[in-house]
2 protein chains.
Amino acid sequence: MNLELDFRSGIPIYLQVVDRIKEMIADGRIRPGDQLPTVRALATELRVNFNTVARAYRILDEAGIISTQQGRGTYILEMPPPETSEAMRRTTFEALTDRYLADAVRLGLPPEEILAFIRQQLNSKKQGVE
Amino acid sequence: MNLELDFRSGIPIYLQVVDRIKEMIADGRIRPGDQLPTVRALATELRVNFNTVARAYRILDEAGIISTQQGRGTYILEMPPPETSEAMRRTTFEALTDRYLADAVRLGLPPEEILAFIRQQLNSKKQGVE
DNA sequence: AGTACAATGATACAATTATACAATCGTACA
DNA sequence: TGTACGATTGTATAATTGTATCATTGTACT
């Protein structure tokens with residue numbers, strides 16, 4: 001991986017790891033689909049605890065840059081910044097909805113019930129009540 | 001089999017497989033007596049280890065929904081257990097809906113728009129070609 | 001000193017994979 | 001028939017991977 005850290009900089013290790021990996025993606029040293037080292041492997045290489053690496057990976061995961069999967073490993077995502085346009089989102093949403101409605105109808109649910117349940121779920125979500 | 005997984009959802013693969021198969025039974029896409037794909041075949045299709053599929057099958061087996069037999073294969077049982085098909089359909093429908101809404105919200109759609117589009121689609125279906 | 005908080009480490013855990021195994025089926029051949 | 005053997009099926013167990021939780025350390029601020 002060849003990833004250099006500065007233990008004396010005062011910048012937290014996990015943030016340094018996040019930045020180094022972002023750089024490597026930006027300049028193409030690692031690419032979408034590539035597997036990153038396991039948290040333990042990279043931790044050993046960097047002489048840190050693997051939880052520190054895990055923390056960096058989690059941040060990158062939440063940023064949508066990588067995908068970490070328990071038991072499998074972590075991978076660079078295809079779309080680094082999935083900034084989809086409004087039109088794209090709309091199209092995706094409509095396809096998603098049609099597929100969902102087809103499934104629901106196939107289950108034999110009457111349209112009123114489908115609508116009712118969705119309304120209920122959306123309301124409870126809005127109020128944060130479960 | 002046409003069974004979609006989300007590796008980034010955080011929901012374990014084996015549970016996703018369990019749910020997808022329950023859905024297919026509930027809505028009739030697969031029926032009592034049908035043979036499910038072998039653990040290896042389905043695993044290859046899903047790009048997953050076959051033990052992960054085996055785990056899902058074992059759960060369905062213990063729930064009395066399918067029957068897995070070493071050396072023979074796995075089959076949908078005649079009676080979709082005591083959990084009557086009505087309750088099962090309802091459960092399946094609600095899980096399906098929650099999954100759909102999570103996707104839609106993640107796309108950034110406001111609840112009103114989700115509801116509006118669904119209402120529109122249901123109406124056009126009612127009046128459209130049947 | 002004492003306290004609070006962030007960073008890191010230690011430990012136990014859960015999901016997935018790798019490998020070896022056992023049961024069944026299918027086919028060939030005696 | 002029947003039996004031997006390879007292919008195919010599910011099973012069992014351990015190794016590998018990320019996750020969750022709490023303990024420890026260090027630093028800043030009273």
Side-chain angles (χ1 to χ4, degrees), chain A residues 1 3-22 25 30 32-77, chain B residues 1 3-22 25 30 32-77 95 99:
Chain A
M1 199 64 182
L3 186 156
E4 293 193 12
L5 299 180
D6 183 352
F7 287 94
R8 289 184 294 176
S9 68
I11 301 172
I13 311 283
Y14 71 96
L15 286 182
Q16 291 188 46
V17 173
V18 167
D19 289 340
R20 291 300 89 70
I21 291 179
K22 278 185 181 173
I25 293 176
I30 52 181
D34 284 355
Q35 177 170 16
L36 290 175
T38 68
V39 291
R40 285 173 178 80
L42 184 52
T44 300
E45 181 182 329
L46 301 177
R47 319 273 177 120
V48 260
N49 187 274
F50 68 84
N51 281 296
T52 301
V53 176
R55 185 168 177 181
Y57 280 9
R58 184 155 48 81
I59 289 174
L60 289 165
D61 184 283
E62 287 168 355
I65 296 174
I66 67 177
S67 168
T68 78
Q69 298 158 27
Q70 186 168 350
R72 309 194 89 203
T74 84
Y75 301 83
I76 311 286
L77 283 182
Chain B
M1 199 63 179
L3 186 156
E4 292 192 14
L5 299 181
D6 183 352
F7 287 95
R8 299 174 52 194
S9 69
I11 300 171
I13 313 270
Y14 71 95
L15 286 183
Q16 291 188 46
V17 172
V18 166
D19 288 341
R20 292 300 88 71
I21 290 179
K22 277 186 180 173
I25 293 176
I30 52 181
D34 284 355
Q35 177 171 15
L36 288 176
T38 69
V39 290
R40 284 174 179 79
L42 184 52
T44 299
E45 181 183 329
L46 300 178
R47 316 274 179 107
V48 151
N49 187 275
F50 67 83
N51 279 296
T52 301
V53 175
R55 185 168 179 181
Y57 280 10
R58 183 155 49 80
I59 289 175
L60 289 165
D61 185 281
E62 287 168 355
I65 296 173
I66 67 178
S67 167
T68 80
Q69 300 153 27
Q70 186 167 348
R72 296 177 53 82
T74 83
Y75 299 84
I76 311 287
L77 284 181
R99 197 147 48 83

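Chain letters run A, B, ... following the sequence lines, proteins first and then strands; every chain starts at 1.
The phosphate of D:dT9 (OP1 or OP2) has no side-chain N or O of B:Thr68 nearer than 4.0 angstrom. The phosphate of C:dA18 (OP1 or OP2) has a side-chain N or O of B:Asn49 nearer than 4.0 angstrom. In this model, the phosphate group of C:dT17 is approached by a side-chain N or O of A:Arg72 to a distance below 4.0 Å at OP1 or OP2.
Taking only distance into account, the side chain of B:Arg40 meets the base of D:dG10 through a donor-acceptor pair shorter than 3.5 Å. Contact of B:Asn51 with C:dT19 (side chain to base): a donor-acceptor pair of N or O atoms is detected under 3.5 Å.
Residue B:Tyr14 places its side chain closer to C:dA15 than to any other of C:dG9, C:dA15, D:dT11. Candidate nucleotides C:dA15, C:dA7, D:dT17 were compared by shortest atom distance to the side chain of A:Thr38, and D:dT17 ranks first. Relative to the side chain of A:Val48, the nucleotides C:dA7, C:dT24, C:dG9 differ in distance, and C:dG9 lies closest. Listed nucleotides: D:dT19, D:dG10, C:dA7. Nearest to the side chain of B:Tyr57: D:dG10.
A donor atom on one side chain and an acceptor atom on the other are not found under 3.5 Å apart for A:Thr74 and A:Gln69.
A side-chain donor-acceptor contact under 3.5 Å links A:Gln16 to the backbone of A:Asp6.
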One pair to check against side-chain contact (heavy atoms from CB on, under 4.5 Å): B:Leu3 and B:Ile21. What are the steps and the verdict? CA-CA 8 Å; B:Leu3 186 156; B:Ile21 290 179; 4.2 Å; yes
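For the pair B:Glu45/B:Met1, a side-chain contact is recorded, criterion being any heavy-atom separation below 4.5 Å from C-beta on.
C:dT16 atom C1' lies 13 Å from atom CG of B:Leu15, rounded to whole Å. Rounded to an integer number of Å, the gap from B:Ile59 CD1 to D:dT11 C1' is 15 Å. Atom pair B:Gln69:CD and D:dT8:C1' shows a separation of 14 Å (rounding to whole Å applied). Whole-Å rounding puts the A:Gln70 CD to D:dA20 P distance at 8 Å. Atom CZ of A:Phe50 and atom P of D:dT21 are 15 Å apart (whole Å). In this structure, CG of A:Leu42 is placed 12 Å from P of D:dT17, rounded to the nearest angstrom. The nearest whole Å value for the distance from the CG atom in A:Asp61 to the P atom in D:dT17 is 18 Å. Between the CG atom of B:Leu5 and the P atom of C:dA15 there is a distance of 15 Å, given to the nearest Å.
Within the 4.0 angstrom heavy-atom criterion, base atoms lie near B:Arg55.
The number of heavy atoms from other shown groups lying within 6.0 Å of CD (B:Glu62) is above 12.
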